[in-house]
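Numbering of ligands and ligand atoms starts at 1, following listing order. For the numbers below, each heavy atom of this structure counts, side chains included, while hydrogens, waters and symmetry mates do not. Computed from a predicted structure; not experimentally measured.
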Amino acid sequence: MIEFVNQVFAIHGETYSCLLGLTAAGQLEQLYFGRPVATADAEAFRVRPGLGWGTAVLLQEGDTASCPDVWPLAWSGSGRGDYRESPIQLECSTDLRYESHEILEGDALMEQGLPQALGAEQTLVITMSQPGLRCKLYFAAFPGVLTRRTVLENTGEESVTVGKLMSFSMDLPGRWEMTTFHGGWIAEMNGETRPVGRTRLVNESTTGFSSNRHNPGFLLSRPGAAEEAGEVIGINLVYSGNHYASAQLSHQELTRVMQGISPDHFHWPLQPGEKLETPEAVLCYSAAGFGGQSAQMHDFVNHHIVPAPWQGKARPVLYNSWEGCMFDFDQRKLLRLAREAKSLGCELFVLDDGWFGKRNDDTSSLGDYTVNRKKLPGGLTGLARKIGDMGMDFGLWVEPESVNPDSDLYRAHPDWVLTDDFAPVLSRNQLLLDLTRPEVRDYIVEQVSAVLDSARITYVKWDMNRHSVALGAKAHAYILGLYDVQRRIFTPRPHILLENCASGGNRFDLGMLCFGPQIWCSDNTDPIQRLTIQGNLSQLYPQSTFGTHVSAAPHAQTLRNTPLVTRGNVSFFGCLGYELDLRHLLELEKQEIRQQITFYKQYRETFQFGRFGRIPDGWQVQKEGVTVAGQFRTLVPAAPGYGWLQLRGLESGKRYHLTSRQQKLRIGQFGALVKHVAPVDLNPNGLVLRTADRHITLPDGAQELTATGAALMAGIPMLPPFRGTGYDQNQRTLTDFGSELFIIEEETSHEKP
Ligand code: GLA
């Protein structure tokens, strides 16, 4: 609910209130942002100017409350007395004052092609102005989230160049910590937490994209905030290009935080009458800790960001050809893999890179999306039909923004690439097409549309494998071009599930999620690394947006040999897929995968859309009385102590039935130890044991009990771990990188047939 009472704007969501005041000078005052309060509390939150702050500038003589430098503001200018960081930078000073406002029902739609969250209850638009400029500040109220954006209009007679225009700026009381997420290719989403002090902390990408270096999403938390307690604000941008966010503590103990398009090299000319619209920033306040914040943010993304046709819609279990085949395949091989994938339970077969032009490695053909008939004599149409006949859907990889110099497209249009004044620089042997040019966008739309309509294609993996060379304003125009292209291709084809990808997580952001409901998190599918990647992504993005695949062990990037059970258990917490050569799996591995897929399908809605929580040593998901919890080990110590399973979010008084998912142990993992229990002296490297390892598994300890929610949340001991004193079925024999899953169901629902 949004109201304007006694010169106070009040925005009340289910989990937050935001109160804004107007100073006598007409500046927009940030009275409050936090847990729900009453509009009438506004006066209590107002800071008192007293006799003022010495040498500070006063906008109105004698009025110590008109001192912009010390006041908590929801927007500020530059060059007029607020010497903190300004959210706006033009060639001139800015001193925008309140002019008018309106409260709109529902959304205020954007006008310049940026994606936005949809389904706001109400939107407050506050117009600020100064001679020659009008600035509209948008506040959209969603149940658990407030979004903000800015539109600047040149109302003067002269052209104005915008160097910086943030989506929001806000002064919060007191001290906070800032958690940001940094990384690189196959090493996305490492968390870093620092206190916000007097020196500015900046989270920024200047690669042209939201980037794997610094994800645009970040957290502000009160020192001491924990998973279930304390104030946490999640902040993110609905944008896929260069971004900037900063936080800094002022001398008056106010933390100024802002976010928007990166001002790095940004010079956007505004002719008289023209407007510049910023992306939408998302602010998610929770008084219930990191878990409370992420749950609200997940709800918001699931209901207001991802495209409507995919909201809450179960995602298929897919098989992807990349890690198993790379570029080396033909139709026969693909069909064999598809048959195997189908027999394991996969529902969608995805043909990754290598199906077009002369693309037998990554040096050529990006841009030429004509089917390679040597590999696929029946074309995509034939292949998709054959796969359809097997009872599986068919999906395809494309990388339409890129071009290899060795391609017909580049030879025909060398001027279509995005470049600067220097000779083009390649990355993965490729350049980007200049999506700021309408003819390039038209070409991509036509070509990709024709491919998608040429066969029964229900899924697209849209990849992009380099950083951009475009700077500032051109980088922004490129992103607008990308949005235009995806909008034109996918809006008329709502049946296509779009999974965006950029060398993995190089564009994991809310902008891309407005077009496709899931994103390939990382080219790194090592499950132990995925604990960090998916775990940190979960702070800002719901698990329904994660592409999570089981791949081969030893792993291609870490050489870690992780048990198949853990590869499955980690991948379950997302949109499950398999990405390995199925032809060489042992029968017992196939059996295990079959059981994994059956299990996942049974709890698919819980895994994809359940409430996600971080518990000690693991994760849990929860939906309609069912909780599935994963416990993940990294290195096993000798003689480990007890382990406790501690769940969250259950109802204290209810009784629950807990079972662990039965797991199997490979004989080979016991090596020479087997001879101690076998009646004959066995060679650990001999044929008998090697053969036994391929055919025989031992059951691992399975736990079953009933208890109240209170007990399960207090923490119950798990079965004793293996301690070097022998094997039996009543202990958990988890090796390094082992894991296990527990299913907890309300007793009533458990007893139902
Ligand atoms: C990128 C993607 C991978 C795969 C390859 C194909 O690296 O992230 O998943 O599609 O390209 O070239």
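In this structure, the side chains of T179 and N536 stay at 4.5 Å or more apart for every pair of heavy atoms. A 4.5 Å side-chain heavy-atom check between I305 and M297 finds every atom pair outside the cut-off. Residues D509 and N215 have side chains not in contact (no heavy-atom distance under 4.5 Å, counting atoms from C-beta outward).
Listed for the T566 side chain is no donor-acceptor partner under 3.5 Å among the backbone atoms of T562. Counting only distance, with no hydrogens or angles, the side chain of R213 and the backbone of T207 share no donor-acceptor pair below 3.5 Å. Under the 3.5 Å distance criterion, the side-chain polar atoms of H555 are left unmatched by any main-chain donor or acceptor of R560. In this structure, D330 contributes its side chain and K333 its backbone to a donor-acceptor pair below 3.5 Å.
The aromatic rings of F573 and F612 stand perpendicular to each other, their planes meeting at an angle above 60°, with 30° marking the opposite boundary.
Within the 4.0 Å heavy-atom criterion, neither part of N320 lies near ligand 1. At a heavy-atom cutoff of 4.0 Å, ligand 1 is contacted by no atom of D362, backbone or side chain. Residue contacts with ligand 1 for R428 involve side-chain atoms from C-beta outward but no N, CA, C or O (heavy atoms, distance under 4.0 Å). Neither the backbone nor the side chain of E399 has a heavy atom within less than 4.0 Å of ligand 1.
For atom 10 (O) of ligand 1, the nearest protein heavy atom (residue, atom name, distance) is D352 OD1, 2.7 Å. The protein atom (non-hydrogen) at minimum distance from atom 12 (O) of ligand 1 is D353 OD2, 2.6 Å. Scanning all protein heavy atoms for the shortest distance to atom 2 (C) of ligand 1 gives D463 OD2, 3.0 Å. At the top of the distance list for atom 8 (O) of ligand 1, counting protein heavy atoms only, stands D523 OD1, 2.5 Å. Closest protein heavy atom to atom 9 (O) of ligand 1: K461 NZ, 2.7 Å.
Closest approach of L432 and M464 over heavy atoms only: CD2-SD, 4.1 Å.
No N or O atom of C501 sits closer than 3.5 Å to an N or O atom of ligand 1. Below 3.5 Å of separation, one finds no N or O of W185 facing any N or O of ligand 1. At a 3.5 angstrom cut-off on N or O pairs, W322 does not count as close to ligand 1. Considering backbone and side-chain atoms alike, E579 places every N or O at 3.5 Å or more from each N or O of ligand 1.
Relative to the six-membered ring of W355, R373 misses at least one condition, a distance below 6.0 Å or an angle of at most 45° to the axis.
Close contacts between ligand 1 and S503 involve ligand atoms 8 (O) [criterion: under 4.0 Å to a heavy atom]. Residue W520 approaches ligand 1 through these ligand atoms, each under 4.0 Å from one of its heavy atoms: 8 (O), 9 (O). For ligand 1, the atoms closer than 4.0 angstrom to any heavy atom of G504 are 8 (O).
The existence of a salt bridge linking R315 and E605 is excluded, since no basic side-chain nitrogen approaches an acidic carboxylate oxygen closer than 4.0 Å.
The shell of residues lying under 4.0 angstrom from ligand 1, judged by heavy atoms, excludes E323.
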